[in-house]
Amino acid sequence: MLTTVTAAAISYLLLGNGHGADDSLSTARTEPRPSETTDLPSVVSPKFAVSIRKPQGPPRVITGLKNADGTEVTIACVTCHTTRPPNHNNRTVKDLDEFHGGTVFSHGSVSCLSCHNERDYDTLRLADGSRVEFPDVMKLCAQCHGPQMKAYEHGAHGGMNGYWDLTRGPRTKNNCIDCHNPHAPQFPKMRPTFKPKDRFLEQPRTKH
Amino acid sequence: MIADDNSSPERQADTDKDWFLPVVDQPSTRRTALKTAGAALGLAAFGKAISPLWSIPENVSVDEFLQQHYKELSDNDKQKVFQRLEAEAKDAYGAEVTISDPKPIPGVRFGYAINLSKCNGNGACMEACNRENNHHRGVDQSYIRVLEMSKGSMDMEHGTTTYDHTVPQDDKFYMPVQCQQCENPPCVSACPIEATWQEDDGIVVVDYNWCIGCRYCEAACPYHARRFNWEQPEIPTDEVNPDQGYLSNRIRPQGVMEKCHFCLHRTREGRAPACLEACSTGARVFGDLNAPDSDINWVLKNKRVFVLKEELGTQPNFFYFFDS
Amino acid sequence: MSSIIAQNHTGTEPADSVRSYPRFLWWGLGEATNGGLGFYVWMFVLTAISLVGANAWANQVAEGMIVTNMTDHVSWGLYIANFTFCVGLAAGGVMMVIPAYLYDDEEMHKIVIVGEAVAVAAIVMSTLSVVVDLGRPDRFWHLIPVIGRLNWPVSMLTWDVIVLNGYLLINLHIVGYLLYMRYLGRKPNPRWYVPFVFLSIIWAISIHTVTAFLYCGLGGRSFWNTALLGPRFLASAFVSGPAFIILVMRILRITTGYSAPPGPARTLIQIIRVAMTINLVMLASEMFTLFYTGGAHGASARYLFFGSHGHYGLVPWIWTAIAFNLVGTILFFMPSALDRSTVRIAACVLCIVGIWIEKGMGLIIPGFIPSTLHEIVEYTPSLVEWKVTAGIWAFGFLLLTVLLKLIATVFSSEQSAATIIAPAD
Ligand code: SF4
Ligand code: SF4
């Protein structure tokens with residue numbers, strides 16, 4: 001079964017991020033760092049923190065080459081994109097060359113540069129052109145997905161781990177891109193693996 | 001009763017005194033001897049017939065047999081009972097477990113809501129319930145059932161729980177059903193011996209050591225929320241969840257009723273229920289109905305929420321909603 | 001044989017020896033276990049079946065209810081079905097009392113006591129049916145008032161427990177008192193039994209009503225949740241009880257010569273005719289509402305009568321019941337049913353079997369199918385369930401035989417006993 005973890009992993013593999021959400025996820029679970037904590041305005045006087053998992057930085061792209069020790073060669077986005085002019089005609093995956101060719105893209109009518117910052121490819125951009133760091137990606141998502149963000153702030157989106165009662169313990173929450181691949185945000189299809197049977201009978205369990 | 005007047009030996013015997021009558025001092029005759037023999041034989045046969053029962057004293061100790069209702073146990077009694085149960089778990093399952101008895105948090109009333117627009121029917125909650133609550137592995141027991149329903153109908157008759165394909169299907173939505181922790185629980189009224197009751201935080205619990213297993217509550221529950229232990233649950237030692245509550249996930253004995261308890265051994269310590277943590281779509285919202293700013297209250301105020309079978313007057317503390 | 005017994009007891013025993021009630025019981029047990037070869041064969045077979053049942057039950061207790069075919073979907077099965085029928089039988093057994101005492105029909109009295117005996121045996125059977133249905137019979141004491149924790153008055157099941165036990169005590173008292181007095185040759189003092197008889201009449205109605213409330217009080221089970229259930233139960237009890245008694249009287253007449261004049265049996269037939277008609281009318285109107293309005297409310301009825309979603313488990317049962325009930329009713333309305341005829345016997349058997357199915361497999365089981373989440377899980381009783389149920393019936397018959405034997409003995413010895421004992425009064 002696919003879990004949030006694997007969903008997140010998929011989204012990052014596509015981006016070729018070697019140290020993305022997966023790492024920060026485990027850190028966040030064990031020792032939520034204050035720097036990663038977002039205080040949600042609606043939560044009343046929490047004694048413990050609500051930590052939201054964050055990607056640690058800009059993704060790195062897998063080149064497909066191997067180092068001498070057999071590890072993948074990954075490069076930062078800016079490695080290429082500082083020397084190439086941004087191409088506003090690139091709207092779908094088909095238009096892309098090289099590394100991005102395998103990316104699955106299905107995210108409404110936005111184009112690459114709606115979110116990726118053409119002035120600094122190691123960052124993202126909001127609709128008004130202001131710069132957003134990769135770890136703050138939720139700010140970017142929220143500008144279009146207001147209702148979801150609102151629900152998220154009130155625990156009605158995104159799930160949680162830890163304590164429902166913040167006076168007793170901390171809570172960890174998913175980041176948007178833990179569950180949604182930003183390039184194809186629809187939640188992935190899954191295969192249910194567990195079916196309670198109540199009790200065995202000789203005759204097969206009936207369906208209708 | 002077929003009389004046979006022609007059997008002359010019997011007839012003779014008939015005229016004899018009956019040894020059953022203590023006041024009449026009469027020597028026993030062939031008939032009474034036969035009767036005695038018959039009675040003895042009958043008793044012996046009865047003893048043999050019910051011999052499978054002799055295995056019970058091994059499983060049911062005198063202490064367990066005499067154990068009082070949960071509400072009548074003093075703290076001292078409880079300690080003894082918990083120790084006994086821990087020892088039994090060690091014995092039968094080889095697992096070191098701790099049995100606790102968390103009390104309702106004063107002023108808290110639990111509520112649970114599920115976003116049906118998000119739930120995709122993957123069943124992670126069912127599995128988490130099974131693991132968390134020491135359910136019988138043989139039948140993959142769980143307190144939750146997820147119904148696959150047709151879009152455009154709330155009629156459960158067109159739903160199924162046995163779907164087995166990639167989810168979500170485009171024309172379906174998915175509706176997990178578990179104990180609705182009714183405000184007005186028909187299961188509690190049904191129980192003849194108060195083996196199941198509603199706690200102050202709204203959770204309906206069962207005293208597994210008091211229930212006689214009549215299953216009247218199971219017939220009374222309109223949400224198929226109750227489960228009966230048709231046999232002793234099997235759980236591999238390494239899968240036993242050692243963090244156990246007396247009224248919640250401790251390993252249940254055979255022949256008693258059980259049900260979802262909102263993971264009270266977790267939630268009464270402030271933690272989220274296991275099914276909520278496991279939910280991979282974030283469809284589940286849990287919290288304190290009495291706290292105005294709680295997540296659950298935000299949902300109740302801002303979403304169009306409904307309850308199942310509202311017409312029955314059970315007043316569930318379990319809610320469903322769709323994103324509009 | 002009855003004459004022999006009479007001779008046995010009156011001829012050689014001084015009356016003083018049985019002046020106390022316990023002694024009377026001892027004597028009764030002795031008498032009731034006397035009989036010919038056929039009697040012993042009958043008792044032997046019943047004992048054997050009871051033992052098979054006891055063994056099956058013991059296994060069920062040791063291994064768990066997993067040996068039954070009940071599930072979390074169909075959580076009550078053959079046991080509770082049988083329980084429902086037996087309660088009806090118990091209630092019906094006392095229905096005879098109504099004409100006997102309300103109309104002061106002297107001729108009925110000989111049948112009344114048989115009815116009370118049937119009631120006693122049926123109550124024991126219903127209690128056993130509940131006990132075998134418990135997952136934890138070792139905790140039965142939790143149900144005992146004061147030392148247990150009875151959820152009274154909220155739980156209908158506690159009402160049933162109380163009412164059934166009360167009914168058992170009342171009937172034991174009436175039967176015991178009447179027999180004891182007759183045995184002593186005294187005229188029973190109405191002060192000591194007439195109030196109880198009236199109480200038992202009310203009680204008979206209440207045990208069956210309460211049992212119906214057990215089901216129809218459950219809002220989540222729409223198939224049961226109908227106000228007509230109680231009246232239907234009563235009507236069918238007015239059929240199964242008298243029909244059973246007619247059969248018992250027939251057997252008694254053949255085997256022991258104990259018989260009543262033909263008048264009372266005719267009264268019973270009249271009762272059955274009316275009650276059965278009412279029962280069928282109510283069944284029909286129930287079916288009308290269920291099928292005409294349709295919807296989820298009728299899902300169980302659709303499954304029961306016609307099957308649904310490819311499941312037809314109960315269809316043969318219910319149509320058998322309906323056929324038996326209809327044919328039985330027609331037979332009851334034939335003039336020859338008023339005589340001691342085969343028609344009468346056939347009618348009784350058909351109606352008893354018909355009602356057993358209608359109130360058991362046709363009422364309890366479909367209440368669970370489809371389940372409250374509209375899943376269809378079918379149910380057929382397992383071998384263990386059949387064994388246990390057969391054992392309960394055998395034990396009931398065993399008890400009934402002993403009681404009837406006692407009644408026959410006392411009644412036939414009454415005349416001679418009276419002459420001897422009366423002066424000692
Ligand atoms: S859902 Fe069922 S088990 Fe839960 S409280 Fe309501 S009636 Fe009781
Ligand atoms: S099965 Fe247990 S909890 Fe349910 S009604 Fe019977 S005794 Fe009460």
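As the structure is a prediction and not an experimental result, all values here were calculated from the model. Here is the naming used below: chain letters follow the sequence lines, and residue numbers restart at 1 for every chain.
The NE2 atom of C:His374 lies 13.0 Å from the OG1 atom of B:Thr160; values are rounded to the nearest 0.5 Å. Distance check, rounded to the nearest 0.5 Å: CZ of C:Arg149 to CH2 of B:Trp197 gives 8.0 Å. Taken to the nearest 0.5 Å, the CG atom of B:Leu312 stands 8.0 Å off from the CG atom of C:Asn225. Here the OG atom belonging to C:Ser75 is positioned 6.5 Å from the CE atom belonging to B:Met257, to the nearest 0.5 angstrom.
With respect to chain C, the highest number of heavy-atom pairs below 4.5 Å among B:Pro222, B:Pro192, B:Pro253 belongs to B:Pro192. Here B:Glu72 is the residue among B:Arg226, B:Glu72, B:Gln68, B:Gln232 with the most heavy-atom pairs under 4.5 Å with chain C. Comparing B:Cys191, B:Ala45, B:Ala220 by how many heavy-atom pairs each has under 4.5 Å with chain C, the most go to B:Cys191. Note: C:Val61 leads C:Leu46, C:Val74, C:Val61 in heavy-atom pairs under 4.5 Å with chain B. Put simply, of C:Gly217, C:Ser50, C:Gly64, C:Ala56, the one with the most heavy-atom pairs under 4.5 Å next to chain B is C:Gly64. Contacts with chain B were tallied for C:Ser155, C:Ser308, C:Gly53; C:Ser155 has the most, counting heavy-atom pairs under 4.5 Å. Among C:Ile147, C:Asp160, C:Asp138, C:Val130, the residue with the largest count of heavy-atom pairs under 4.5 Å with chain B is C:Asp138. Ranked by heavy-atom pairs under 4.5 Å with chain C, the list B:Gly313, B:Ala195, B:Gly213 is led by B:Gly213.
Heavy atoms from other residues, nucleotides or ligands lying under 6.0 Å from CZ of C:Phe213 number 12 at most. The number of heavy-atom neighbours closer than 6.0 Å to CD of B:Glu310, taken from other residues, nucleotides and ligands shown, is 12 or below. Annotation: B:Phe318, atom CZ; neighbour count of heavy atoms from other residues, nucleotides and ligands within 6.0 Å is above 12.
The two residues C:Glu63 and B:Glu231 have their closest heavy-atom pair at O-CB, 4.1 Å. Counting all heavy atoms, side chain and backbone alike, C:Thr372 lies closest to B:Met156 at O-SD, 4.3 Å. Residues B:Ala49 and C:Ala58 come closest through the heavy atom pair O-CB, 3.8 Å. Nearest heavy-atom pair across B:Pro52 and C:Ala62 is O-CB, 3.5 Å. Minimum interatomic distance between C:Leu150 and B:Glu194 (heavy atoms only, all atoms of both residues): O-OE2, 3.8 Å.
For the pair C:Tyr40 and B:Lys35, the minimum side-chain heavy-atom distance is below 4.5 Å. Annotation: side chain of C:Leu143 is in contact with side chain of B:Ile193 (closest heavy-atom distance under 4.5 Å). Looking at C:Val154 and B:Ser189, their side chains come closer than 4.5 Å, going by heavy atoms from C-beta outward. C:Asp72 is listed as a side-chain neighbour of B:Glu218, based on a closest heavy-atom distance under 4.5 Å. Residues C:His142 and B:His69 are not in side-chain contact: their nearest non-hydrogen atoms beyond the backbone lie 4.5 Å or more apart. When side chains are defined from C-beta on, C:Thr71 does not count as touching B:Phe228, because their heavy atoms never get closer than 4.5 Å. Considering only heavy atoms from C-beta on, C:Phe140 stays 4.5 Å or farther from B:Ile212 through its side chain. No side-chain heavy atom of B:Gln254 sits under 4.5 Å from any side-chain heavy atom of C:Met65.
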Does the pair C:Asp133 and B:Arg215 meet the rule for a salt bridge (Lys or Arg N to Asp or Glu O under 4.0 Å), with working shown? CA-CA 9 Å; C:Asp133 189 62; B:Arg215 305 190 297 294; 2.6 Å; yes

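Taking the six-membered ring where tryptophan is involved, the planes of B:Trp210 and C:Trp141 are perpendicular, since the angle between them exceeds 60° and thus also 30°.
The part of B:Leu66 that comes within reach of chain C is its backbone (N, CA, C, O), which places non-hydrogen atoms under 4.5 angstrom from that chain. Residue B:Tyr223 touches chain C through its backbone alone, counting heavy-atom pairs closer than 4.5 Å. Using a 4.5 Å cut-off between heavy atoms, B:Asn209 touches chain C through backbone and side chain atoms alike. At a 4.5 Å heavy-atom cutoff, the contact between B:Leu53 and chain C is made by backbone and side-chain atoms alike. Within the 4.5 angstrom heavy-atom criterion, only backbone atoms of B:Gln67 (N, CA, C, O) approach chain C. Looking at C:Arg221, only its side chain comes within 4.5 Å of chain B, counting heavy atoms on both sides. Heavy atoms of C:Trp159 lying under 4.5 Å from chain B are absent altogether. Looking at C:Thr47, neither its backbone nor its side chain comes within 4.5 Å of chain B, counting heavy atoms on both sides. Using a 4.5 Å cut-off between heavy atoms, C:Ala299 touches chain B through its side chain atoms alone. With a 4.5 angstrom heavy-atom cutoff, C:Leu218 touches chain B only via side-chain atoms.
The backbone N or O of B:Cys214 lies less than 3.5 Å from a partner atom in the side chain of C:Trp76, making a donor-acceptor pair. Without hydrogens or angle criteria, C:Asn59 side chain to B:Ile50 main chain gives no donor-acceptor distance under 3.5 Å. A side-chain donor-acceptor contact under 3.5 Å links B:Tyr216 to the backbone of C:Leu214. A distance-only check finds a donor-acceptor pair linking the side chain of C:Arg139 to the backbone of B:Cys211 [under 3.5 Å]. Judged by distance alone, the side chain of B:Lys48 and the main-chain N or O of C:Asn55 form no donor-acceptor pair under 3.5 Å.
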